[in-house]
Structure formats: C-alpha cells, structure tokens
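In what follows, a single structure is set out as structure tokens and then discussed.
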Amino acid sequence: MNKRHIPTLYLVVPCYNEEEVIEKTAIILKEKMNALMDAGRIEHDSKVLFVNDGSTDATLRMLHDLAKKDSFYGVLSFAGNYGHQSAILAGMMEARFYADAVVTIDADLQQDIDALEKFLDAYMAGAEVVYGVRNDRKTDGFFKKSTATLYYKLMHALGSGALANSADYRLMSAKALDALSEYEESSLFLRGLIPSMGLPSDIVYFDVKEREAGKSKYTFGKMMTLALDGITSSSIRPLRMIGVIGFITVIAAIVMVIFSIIDWANGNAVQGYTTTLIVTLVLGGVILVSLGVMGEYLGKTYMETKHRPRYIVDSVVLRECRRKDE
Ligand code: UDP
Ligand code: MG
C-alpha cells in the first residue's frame with residue numbers, strides 16, 4: 001500500500017431542527033479541526049459541511065450566518081426533510097470532490113469527537129472505511145437500548161452485514177465515496193451497504209455522550225422505517241423464510257391428514273371445534289404476515305422502479321475550496 005498524504009478532511013454534519021445546539025457544535029468542531037491542523041494531522045483547507053435536512057426552525061438561518069462569517073463552514077440545504085441517511089449521503093457526495101477523507105458526525109455531538117485522531121490513524125494506515133462503534137449504550141434509555149440490541153441480532157440473523165452498534169459516525173476515503181456513488185438504489189441503509197462494498201476497513205471505538213441540547217430527532221416512526229429499510233434493503237432472506245414456513249405447514253398438514261384418516265378408520269369421533277379454529281387462525285395469521293412481507297418487498301421494488309431522485313438540493317454554500325479534479 002502506498003503511503004498516504006495528510007488528508008483534506010471534511011466533516012459532514014446532518015442537521016434537522018438543531019437550533020439549540022448548532023452554534024455550540026460549530027465552535028467545538030472548529031476548535032477540534034484547528035487542533036488537528038496545528039498538529040499536522042489534516043490539511044488547512046479542511047472544512048465542516050452542514051447538511052440542512054429541511055429544518056423548520058432557525059437552523060438554516062444560523063448555518064448561513066456561520067458560513068457567511070467564516071469560509072471554514074459550508075452549508076448544503078435540502079428542499080425538504082428527506083431523513084438522516086439522505087442527508088449524510090448528500091453531504092458525502094458533495095464533499096468527495098474536495099476532500100480526501102470525509103467523516104460523518106451527528107449535530108448533537110453525542111459522538112466523541114476526540115475519536116477523530118483514531119479515525120485518522122486508521123486512514124493513514126490504509127483503511128478506506130473506518131467504522132465508529134459505540135463502546136456502550138449507557139446514555140440511551142432502556143427502550144432504545146433493548147430495541148437496538150434486539151434489532152442488530154435480528155439483522156444478523158436475516159443476513160445483513162451491518163456491524164452491531166455501529167453508528168453513522170464513520171470515515172470514508174474519497175475512493176470509498178466514489179465507489180458508494182455508483183450505488184443507485186433509492187432506499188439507502190448505509191450501515192448495511194458500506195460493509196458489503198468490501199473495501200479495506202478498520203474499527204474505532206468511541207464513547208457516546210448525552211445530547212448537548214434539544215430532543216432526539218429520531219421519532220419512533222423514523223426509527224421503524226430505518227429498521228425495516230435496513231432489513232429489506234440488504235437481504236431477501238425474509239422472502240425465503242416464507243417459503244420455508246409454507247413447507248413446514250404443508251408437512252404438518254400431511255401428518256394431520258394421515259392421523260385423521262387413521263382416526264376415521266378406527267371409528268373415532270371427528271376432532272373438535274377448537275382444533276379447527278386454531279388451525280384456521282394460525283394459517284390465516286401466517287398467510288397474512290407472509291403477504292405483508294411480500295408487500296414490503298413489492299413496495300420497495302415499485303419505489304425503486306420509479307428512479308426518483310433521493311433528495312433535492314435547494315442550495316449549496318461552499319467558499320474558498322478547490323475541486324481535486326481541477
Ligand atoms: N437528522 C436529520 N434528519 C432527520 C432526523 C435526524 O438530519 O430527519 C439528524 C439530526 O439533526 C442529528 C442526527 O441526524 O444530527 C441524529 O439525530 P438524533 O440525534 O436526533 O438521533 P439519536 O441520536 O437520538 O439517534
Ligand atoms: Mg443524537
């Protein structure tokens with residue numbers, strides 16, 4: 001592996017209604033990046049690129065104020081709220097033209113920015129992707145913690161390559177981002193997709209802190225969508241499982257028929273009402289769940305065939321930067 005140069009690093013920060021934290025975040029990130037520049041770890045044209053995911057509060061105005069005063073900050077703004085995954089994707093796709101490496105980090109600074117050195121170490125050692133994996137979940141509530149653990153177990157069983165407890169705190173090299181840009185699917189689950197690319201990677205462990213201010217922008221609905229997308233966009237194992245369940249049911253049915261015939265031949269009375277009811281209900285349930293799973297995939301296929309844009313960029317403010325290919 002050829003030796004790497006000190007990278008131009010872009011931090012991509014998705015923001016959705018983050019007016020309470022954004023100014024503080026901007027200052028802390030700048031201090032950290034300045035320290036890295038002074039230490040000769042990153043180039044002096046490194047920047048922070050905020051992605052405004054259709055905020056309805058003062059976030060966008062605040063971001064534009066920051067970018068106006070200081071060219072260290074860039075702002076990409078969406079026309080609407082397309083979600084966290086789209087926001088980080090858009091930020092990375094913009095930043096790859098200017099940066100050698102991009103790190104995505106949440107606006108609430110729950111992810112420890114002092115892990116950046118470790119990300120850079122791994123990058124300098126040749127990793128194209130460096131995953132941030134959280135040390136523990138002690139700042140999450142009981143509900144989020146247990147659902148997350150269960151979810152990763154389920155994901156694994158269903159054949160998704162997502163790393164357990166990996167957050168979207170991650171470094172990607174320009175090469176990895178170019179590879180990512182080749183993927184055209186509209187339902188994106190980056191945590192599952194990126195490991196499946198197979199590029200040389202490394203892991204960095206980091207601590208999770210409390211949110212600086214404001215509330216979690218991940219509503220229960222958004223979490224469920226992300227969870228479902230994670231499974232259906234990286235695996236078709238649920239579809240196969242329907243086939244397996246159907247097969248088992250058929251075997252069970254055959255066994256029951258044989259027993260019924262034997263019973264009948266022996267002159268026993270016909271099985272009771274309860275048995276019939278249970279069988280009907282179980283089968284009905286299995287069929288409906290199966291239909292639901294198939295419907296989920298069918299819907300996904302339908303949405304993919306439309307080839308809709310993943311997001312609409314309303315505006316980009318990025319000053320004093322130079323594209324690498326110019
Ligand atoms: N976020 C976003 N779009 C959304 C929801 C969240 O860009 O629709 C951003 C949010 O501003 C934050 C990050 O995604 O920077 C993570 O969100 P949050 O901290 O609310 O999630 P949690 O830490 O509770 O999982
Ligand atoms: Mg958070």
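Order of listing sets the numbers, starting from 1, for every ligand and every atom in it.
- The protein non-hydrogen atom at the shortest distance from atom 18 (P) of ligand 1 is Arg211 NH2, 3.4 Å.
- A salt bridge is absent between Glu20 and Arg211: the closest approach of a Lys/Arg side-chain nitrogen to an acidic carboxylate oxygen does not fall below 4.0 angstrom.
- Listed by atom number, the atoms of ligand 1 under 4.0 Å from Gly83 heavy atoms are 3 (N), 8 (O).
- Checked against a 3.5 angstrom limit, the closest N/O atoms of Asp106 and ligand 1 fall outside it.
- Nearest to atom 4 (C) of ligand 1 among the protein's heavy atoms is Asp53 OD2, 3.4 Å.
- Contacts with ligand 1 closer than 4.0 Å are made by heavy atoms of both the backbone and the side chain of His84.
- A salt bridge is defined here as a Lys NZ or Arg NE, NH1 or NH2 lying under 4.0 Å from an Asp or Glu carboxylate O, and Lys209 with Asp108 fails to meet this definition.
- The closest protein non-hydrogen atom to atom 8 (O) of ligand 1 is Lys222 NZ, 2.8 Å.
- For residue Gln110, an N/O/S atom approaches the Mg ion (ligand 2) to within less than 2.8 Å.
- The distance from ligand 1 to the heavy atoms of Glu18 drops below 4.0 Å at these ligand atoms: 10 (C), 11 (O), 12 (C), 15 (O).
- Figure legend: cation-pi geometry between Arg134 and Phe206 absent, as NZ or CZ is not positioned both under 6.0 Å from the six-membered ring centre and within 45° of its axis.
- In this structure, Arg310 does not pair ionically with Glu184, as no charged nitrogen and carboxylate oxygen lie closer than 4.0 Å.
- Neither side chain, Asp263 nor Ser260, offers a donor N or O lying under 3.5 Å from an acceptor on the other.
- The closest protein non-hydrogen atom to atom 20 (O) of ligand 1 is Lys217 N, 2.3 Å.
- Ring to ring, Tyr169 and Phe119 are close: their centroids are under 6.0 angstrom apart.
- In terms of protein heavy-atom proximity, atom 1 (N) of ligand 1 is nearest to Tyr16 CB, 3.8 Å.
- In this structure, Arg323 forms a cation-pi arrangement with Phe97, its terminal cationic atom sitting closer than 6.0 Å to the ring centre and no more than 45° off the ring axis.
- When only interatomic distances are considered, the shortest N/O to N/O separation between Pro14 and ligand 1 falls below 3.5 Å.
- Asp168 and Gln85 share a side-chain donor-acceptor pair at under 3.5 Å.
- Protein heavy atom nearest atom 21 (O) of ligand 1, with residue, atom name and distance: Tyr218 CD1, 3.3 Å.
- Short contacts between ligand 1 and Gln110, defined as distances under 4.0 Å to a heavy atom of the residue, involve ligand atoms 19 (O), 23 (O).
- Near Cys15, the atoms of ligand 1 lying under 4.0 angstrom from a non-hydrogen atom of the residue are 7 (O), 11 (O).
- Classification of Asp70 and Lys30 as a salt-bridged pair holds, one side-chain N sitting under 4.0 Å from a carboxylate O.
- Nearest protein heavy-atom neighbour of atom 25 (O) of ligand 1: Lys144 NZ, 2.9 Å.
- For ligand 1, one of its N or O atoms has an N or O atom of Ala107 under 3.5 Å away.
- Polar contact check, Asp108 against ligand 1: a nitrogen or oxygen pair lies under 3.5 Å apart.
- A donor-acceptor contact closer than 3.5 angstrom links the side chains of Thr8 and Asp45.
- Under 4.0 Å from ligand 1, the heavy atoms of Asn81 that appear belong solely to its side chain.
- Looking only at N/O/S atoms, Asp108 comes nearest to the Mg ion (ligand 2) through OD2.
- Between Lys118 and Asp112 there is no salt bridge, since none of the side-chain N atoms of the basic residue sits less than 4.0 Å from a carboxylate O of the acidic one.
- Thr232 and Glu296 form no side-chain donor-acceptor contact under 3.5 Å, judged by distance and modelled atom types alone.
- For atom 24 (O) of ligand 1, the nearest protein heavy atom (residue, atom name, distance) is Ser216 OG, 2.5 Å.
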